[in-house]
Amino acid sequence: MNKITGPLRRAVFYGAISYGGLVLINNAELDLPNMWIAYLPMFIGVYVLTQWLDRKIGN
């Protein structure tokens, strides 16, 4: 059961945090030539935050 809970927990964390980040960026009314300028750092930050949070809660 523990082999399933770790990846599932990370997926839930990543999904929830990245969805929140997307909502923030899309509602910020940014006028960028390419939205990946905002999305890429957000997704990298979400990944780092998710890994850190998983280590804190998983132990």
Indicate yes or no: at least one non-hydrogen side-chain atom of [X] is less than 4.5 angstrom from one of [Y].
{"X": "M42", "Y": "L22", "result": "yes"}
{"X": "L30", "Y": "I37", "result": "no"}
{"X": "R10", "Y": "L53", "result": "no"}

Checklist outcome for this item: Residue set satisfying side chain to side chain contact (heavy atoms under 4.5 Å, CB included) with I44, at least two apart, ordered chain then number -> L40
Next on the checklist: The criterion is side chain to side chain donor-acceptor pair (under 3.5 Å); which residues satisfy it with Y47, sequence neighbours excluded?
Outcome noted: none
Next on the checklist: Would you compute the distance between atom CZ of R9 and atom CG of D54 and round it to the nearest 0.5 angstrom?
Outcome noted: 4.5 Å
Next on the checklist: Quick check for you: to the nearest 0.5 Å, what is the distance between L49 atom CG and K56 atom NZ?
Outcome noted: 12.0 Å
Item to check | Pairs satisfying ring-ring contact (aromatic ring centres under 6.0 Å, His included), at least one member in residues 23-45, at least two apart | outcome: W36-Y39
Next on the checklist: Applying ring-ring contact (aromatic ring centres under 6.0 Å, His included) as the test, list every pair that has at least one member in residues 10-29; sequence neighbours left out.
Outcome noted: none
Checklist entry - Side-chain heavy atoms under 4.5 angstrom apart, residues restricted to Ile, Leu, Val, Met, Phe, Trp, Tyr: same cluster for I57 and V46? => result yes
Item to check | Minimum heavy-atom distance between P41 and A38, given as atom pair plus value | outcome: CD-O, 3.5 Å
